[in-house]
Student: 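I have a structure here, written as structure tokens, and I will follow up with some questions on it.
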There are 2 protein chains.
Amino acid sequence: MEITARSEYAIRALLMLAEAHSAGTDALPVATLAYRQELPAKFLEVIMGQLRRGGLVTSKRGASGGYRLAVSPRELKVGAVIRTVDGPLAGVRGIRPSDTAYSGPAAHLPVVWVAVRAALRRVLDEVSIDDILTGDFPPEVAQLAKDPEAWQDRWPLKAPVQD
Amino acid sequence: MEITARSEYAIRALLMLAEAHSAGTDALPVATLAYRQELPAKFLEVIMGQLRRGGLVTSKRGASGGYRLAVSPRELKVGAVIRTVDGPLAGVRGIRPSDTAYSGPAAHLPVVWVAVRAALRRVLDEVSIDDILTGDFPPEVAQLAKDPEAWQDRWPLKAPVQD
DNA sequence: TTGAAACCCGACAGAACCAGTCGGAATTAT
DNA sequence: ATAATTCCGACTGGTTCTGTCGGGTTTCAA
């Protein structure tokens, strides 16, 4: 259950574009985006290409070119960003949760996988880029993050040795 | 957001042990577990070692030895299994959600990561091995899986080409 | 028209991780 | 004794992740 650097960088880039969007600024070149959030420029270039092909941003080449949002920040959901650059939100050994099947005592296991995916969706497909910009999250998500325990780490039954 | 083969195999093995547990059967050797659910035997052997060191199972060596549950199936949660064999449930580029920090327009991003982890916990730390065995899930999880839409795939803004 | 700014693209590379195997040592019941 | 079984370290082949490199192409502006 890892958020990749790819997805993280994509979201941070889009946040900058959303900020510029509301300020009515010109297109932002990769160099600027990379500098402002300290992201590896050439890698980000690859990622921006994915976002463009996915229709999340538009690009303009040449001098004073750069990237612009193609979708309003309010309608652009984090889940869509992740799916665009990293593929499906959830998988089990590479297959979709709803395509899993087991025999015997594991027969009901797909229910768990589907519930996991559904739980992820209820966060990632609800939160928009604009929500992150303003810090004003949908009630469902705000509720989850409000609990102080959500900010604490949890350990397995036997805690690993401290070193 | 991938469930690894490791975690999946661990859960399926524990489900078999839980079944035997209620039937009061003897300890189950790896060979039997691997055969019954068609898991790679030597790999499962490694995984069972992790579960033992994590305190989820006990082992007996030698003839008519094998593995037994060390925790009652009802108290053994899926989240604990995953943490034992694969480490933390959620991470962002390898760091814990609550340890992330960003500047500028990404300042509120950690709220999203923490909410993601909390959402995962609400499923994985609620569902027990016994729940999966019986197919009788906690209301929260049952609710998520009840929705037919939860069993459907979702696509990013621009659907990928079919091939 | 020239040059610089920027996107665009394919190839490559190192590192890490994942899934799984191999061979054998230690332990235990019969 | 012997067979069954856990236990353990080393190893491997493949894939993915995170980038980098070098150059081609488009566009603006002077």
Side-chain angles (χ1 to χ4, degrees), chain A residues 1-13 17 20 25-54 56-70 82 85-88 91-95, chain B residues 1-13 17 20 25-35 37-70 82 85-88 91-95:
Chain A
M1 302 309 219
E2 282 285 314
I3 302 280
T4 64
R6 230 192 176 73
S7 284
E8 204 223 58
Y9 296 169
I11 292 164
R12 288 164 71 186
L17 293 185
T25 325
D26 269 357
L28 291 177
V30 166
T32 305
L33 295 170
Y35 177 76
R36 290 211 198 146
Q37 286 274 319
E38 300 179 274
L39 308 177
K42 285 301 251 180
F43 188 28
L44 183 58
E45 204 173 294
V46 176
I47 296 167
M48 295 312 293
Q50 293 185 275
L51 294 177
R52 178 183 50 81
R53 285 188 294 276
L56 310 207
V57 302
T58 58
S59 65
K60 201 166 81 171
R61 300 170 79 150
S64 81
Y67 290 93
R68 245 187 269 271
L69 280 190
I82 295 177
V85 299
D86 269 332
V92 181
R93 276 189 304 146
I95 56 184
Chain B
M1 302 308 218
E2 282 286 313
I3 302 281
T4 63
R6 240 197 164 71
S7 284
E8 207 224 54
Y9 296 169
I11 292 163
R12 288 165 70 186
L17 293 185
T25 324
D26 269 358
L28 290 177
V30 165
T32 304
L33 296 170
Y35 177 76
Q37 286 273 319
E38 300 179 275
L39 309 177
K42 284 303 252 180
F43 188 28
L44 183 58
E45 203 174 295
V46 176
I47 296 167
M48 295 312 294
Q50 294 185 274
L51 294 176
R52 177 183 49 83
R53 285 188 293 275
L56 312 207
V57 302
T58 59
S59 65
K60 201 167 81 175
R61 299 170 79 150
S64 80
Y67 290 93
R68 247 187 266 271
L69 280 190
I82 295 178
V85 299
D86 269 333
V92 181
R93 277 190 301 145
I95 55 184

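Below, each value reflects all heavy atoms present in this structure, side chains not excepted, and no hydrogens, waters or symmetry copies. Naming: A, B, ... by sequence-line order, numbering from 1 per chain. This is a predicted model, so every value here is computed, not measured.
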Student: Quick one: does any side-chain atom of E2(A) pair with a main-chain N or O of G94(B) as donor and acceptor, under 3.5 Å?
Tutor: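 Such a contact is found between E2(A) side chain and G94(B) backbone.
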Student: From C-beta outward on R61(A), which listed nucleotide comes closest to its side chain: dA29(C), dT25(D), dC8(D)?
Tutor: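 The nucleotide sitting nearest to the side chain is dT25(D).
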Student: Between dA6(C) atom P and Y35(A) atom OH, what is the distance in whole Å?
Tutor: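 To the nearest whole Å, that distance equals 15 Å.
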Student: Of the options dT6(D), dG23(D), dC8(D), whose atoms approach the side-chain atoms of K42(A) most closely?
Tutor: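 From the listed options, dG23(D) comes nearest.
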Student: Could you tell me whether R93(A) contacts a base, only the sugar-phosphate backbone, or nothing, with contacts defined as non-hydrogen atoms closer than 4.0 Å?
Tutor: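 No contact at all - R93(A) keeps every heavy atom at 4.0 Å or more from the nucleic acid.
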Student: Consider the side chain of P29(B), meaning its heavy atoms from C-beta on, and name the nucleotide among dT5(D), dT27(D), dT18(D) that approaches it most closely.
Tutor: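 Minimum distance to the P29(B) side chain belongs to dT5(D).
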Student: Could you tell me whether the side chain of E45(B) has a donor or acceptor atom within less than 3.5 Å of a complementary atom in the base of dC7(D)?
Tutor: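 Indeed there is one.
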Student: Measuring from atom CG of L44(A) to atom CZ of R6(A), what distance do you get when rounded to the nearest 0.5 angstrom?
Tutor: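 It is 11.0 Å, given to the nearest 0.5 Å.
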Student: Is the phosphate of dG19(D) approached by Y9(A) (side-chain N or O, under 4.0 Å from OP1 or OP2)?
Tutor: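 For dG19(D), OP1 or OP2 has a side-chain N or O of Y9(A) closer than 4.0 Å.
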Student: Verify, without hydrogens or angle tests, whether R93(A) (side chain) and E8(B) (backbone) share a donor-acceptor contact under 3.5 angstrom.
Tutor: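 Absent.
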Student: How close or far is atom C1' of dA19(C) from atom CD of E8(B), stated in whole angstroms?
Tutor: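 In whole Å, dA19(C) C1' lies 13 Å from E8(B) CD.
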Student: Atom OH in Y9(B), atom CD in Q37(B): separation rounded to 0.5 Å?
Tutor: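 Reported to 0.5 Å precision, the distance equals 11.0 Å.
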Student: Under 4.0 angstrom, heavy atoms only, what part of the nucleic acid is R52(A) near: base, sugar-phosphate, or nothing?
Tutor: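 Sugar-phosphate, no base atom in range.
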